[in-house]
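Order of the sequence lines sets the chain letters (A, B, ...), proteins ahead of strands, with each chain counted from 1.
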Amino acid sequence: MSLTEGVVRILEEQAASHGFTKVKTVWLEIGELSTVVPESMEFCFGAVARGNPLTAETRLEIIRIPGTAWCMDCSKTVAVTSRIDLCPDCGGAKLAVTGGEEMRIKELEVE
Amino acid sequence: MCTVCGCGDAKLDGHQHSHDHGHSHDHDHDHGHGHIHYGQGIAGVHVPGLSQARIVQIEQDILGHNNDFAGRNRAWLEAHGVFALNLVSSPGSGKTTLLCRTAQALKDKFPLAVIEGDQQTSFDADRIRATGIPALQVNTGKGCHLDAHMVESAIAKLAIAEDSVLFIENVGNLVCPAAFDLGEAYKVAILSVTEGEDKPLKYPDMFHAASMMILNKTDLLPHTDFDVERCIAFARRVNPDIVVLQLSARTGEGFDEWLAWIAEGRRRMAAHRKAQSGR
């Protein structure tokens with residue numbers, strides 16, 4: 001909930017500085033390894049955005065960023081879906097997450 | 001952040017506070033990521049001439065607002081030589097008992113201060129104050145974590161001495177506090193041996209974010225099936241660098257290492273401050 005409030009706050013700041021009054025669409029980049037559950041984000045956004053003229057009709061588009069990690073034993077980048085995954089190739093646990101932790105507002109369609 | 005509960009009506013030690021200020025945080029300059037491009041990105045959906053709709057590319061971190069406050073807190077703490085620890089755990093792991101014992105052991109060696117985060121009541125701050133240490137209670141209301149703005153307000157209210165140690169006891173919750181940087185030097189996750197040894201895997205974000213894991217209530221180990229080695233292996237799987245301490249806040253077993261670690265952290269922070277101010 002506080003994350004979605006953060007999204008609306010950023011939209012308000014952008015509206016003030018760039019002179020728009022309505023956000024039609026907002027694209028969020030949410031990594032698979034971030035702490036955000038997209039369905040909850042959508043639910044909360046509906047609740048937070050409804051009462052605000054700026055965001056009342058905003059459509060939320062979530063772009064999932066896949067998780068990646070560097071396997072120290074294989075010396076290569078591998079795909080992971082959670083922090084507790086093992087390397088899909090060697091089965092080792094020496095993984096350093098390199099991608100999929102994003103929680104960003106990428107862009108807006110405004111008028 | 002609990003994405004299903006409603007956060008956001010925090011109050012500071014009994015006083016309602018809102019996130020509105022008398023001043024605004026707007027800038028007339030851009031912060032790199034605040035730049036604006038029209039008509040780029042996923043603008044395939046945008047039909048020119050159909051409406052005044054336009055695409056604004058902003059590339060802003062959703063937690064950016066919190067991170068700005070956290071950065072300011074960190075700078076303030078560093079400038080004053082304050083070694084700050086963010087204590088996170090599930091409810092009932094013994095954070096407050098650990099803090100009370102720590103306060104008793106260290107209060108004559110160097111200055112200490114405590115920020116207590118709970119949804120309601122000032123019970124924890126009262127317990128800390130009883131040891132003679134300044135403590136401020138932050139009630140998060142419906143919120144499930146402390147954020148950097150609450151900590152900034154708390155720091156402003158607490159008279160924190162130079163070269164001291166600040167303990168921030170977060171709301172008992174192994175999920176949301178992982179994502180919110182408060183400006184601390186380290187997050188310390190506390191896990192008691194009466195909980196499951198698989199918690200590092202169940203709540204990997206927290207054990208990934210923490211620099212240290214304390215296994216508390218070790219005096220109860222003979223009465224539980226808790227497998228210490230397995231627990232440590234699980235923690236290392238999500239965070240290969242995590243430092244592990246085992247202690248009992250009730251009996252004091254294993255406490256020397258914890259106290260020595262705090263003293264060393266404080267010494268380094270104070271030395272850093274002196275080096276900076278001597279320039």
Side-chain angles (χ1 to χ4, degrees), chain A residues 1-7 9-30 33-45 47-48 59 61 63 72 82-86 92-97 101-111, chain B residues 1-8 19 24-28 30 33-34 36-38 40-43 45-46 51-66 142-145 147 175-176 178-180 200-209 233-234 236-241:
Chain A
M1 187 65 94
S2 47
L3 283 183
T4 40
E5 285 170 352
V7 170
R9 179 163 45 214
I10 291 172
L11 297 184
E12 284 173 340
E13 286 169 5
Q14 292 290 324
S17 56
H18 297 311
F20 55 82
T21 53
K22 265 190 189 156
V23 179
K24 294 181 73 177
T25 315
V26 53
W27 283 271
L28 303 183
E29 286 183 326
I30 304 292
L33 307 181
S34 76
T35 49
V36 173
V37 180
E39 292 76 17
S40 304
M41 191 77 168
E42 280 161 6
F43 175 80
C44 293
F45 188 80
V48 171
R59 199 161 51 90
E61 291 278 346
I63 305 161
M72 291 169 204
S82 82
R83 284 199 196 284
I84 62 174
D85 277 11
L86 300 173
K94 284 190 210 155
L95 296 176
V97 169
E101 296 180 299
E102 300 78 1
M103 288 194 260
R104 286 196 307 170
I105 303 182
K106 185 172 166 56
E107 55 189 3
L108 318 171
E109 186 187 10
V110 301
E111 59 178 35
Chain B
M1 76 312 319
C2 193
T3 35
V4 285
C5 80
C7 300
H19 285 282
S24 94
H25 289 286
D26 289 337
H27 312 282
D28 20 335
D30 275 337
H33 53 256
I36 148 171
H37 302 284
Y38 296 111
Q40 289 188 351
I42 314 173
V45 295
H46 177 53
S51 73
Q52 300 103 332
R54 62 185 205 255
I55 299 289
V56 182
Q57 203 169 42
I58 58 172
E59 304 274 348
Q60 275 203 24
D61 196 313
I62 296 173
L63 281 170
H65 194 73
N66 183 73
K142 292 186 173 51
C144 49
H145 58 271
D147 66 38
V175 185
C176 314
F180 287 80
L201 293 191
K202 285 177 163 176
Y203 303 96
D205 290 319
M206 185 57 88
F207 291 88
H208 178 77
F234 287 153
R236 294 254 153 86
R237 188 156 144 199
V238 291
N239 182 356
D241 298 325

Pairwise side-chain contact, A/K106 with B/Q57, heavy-atom cut-off 4.5 Å (strictly under):
yes

Please round to the nearest 0.5 Å and tell me the distance separating atom OG1 of A/T35 and atom OH of B/Y203.
14.5 Å

The side-chain contact (heavy atoms from CB on, under 4.5 Å) partner of B/R54 among A/E109, A/E111, A/H18 is A/H18

With a 4.5 Å cut-off on side-chain heavy atoms, are B/I62 and A/M41 touching?
yes

Which atom names give the shortest non-hydrogen contact between B/V238 and A/R83, and what distance separates them?
CG1-O, 3.9 Å

Using 0.5 Å steps for rounding, measure from the CG atom of A/L11 to the CD1 atom of B/I58.
6.5 Å

Using 0.5 Å steps for rounding, measure from the CG atom of A/L108 to the CD atom of B/Q60.
9.0 Å

Below 4.5 Å, heavy atoms only, C-beta onward: do A/S2 and B/H145 meet side chain to side chain?
yes

Kindly indicate whether the side chain of B/R237, heavy atoms from C-beta on, has any atom under 4.5 Å from the side chain of A/L86.
yes

Between atom CZ of B/F207 and atom CD1 of A/I84, what is the distance when rounded to the nearest 0.5 Å?
12.5 Å

Side chain / backbone / both / neither for A/E102 at chain B, heavy atoms under 4.5 Å
neither

If you define the side chain from C-beta out and look only at heavy atoms, does anything of A/I10 sit under 4.5 Å from B/H65?
no

Cut-off 4.5 Å, heavy atoms of chain B, and the answer for A/L33 is backbone

Could you check whether any side-chain heavy atom of A/W27 comes within less than 4.5 Å of a side-chain heavy atom of B/I55, counting everything from C-beta outward?
yes

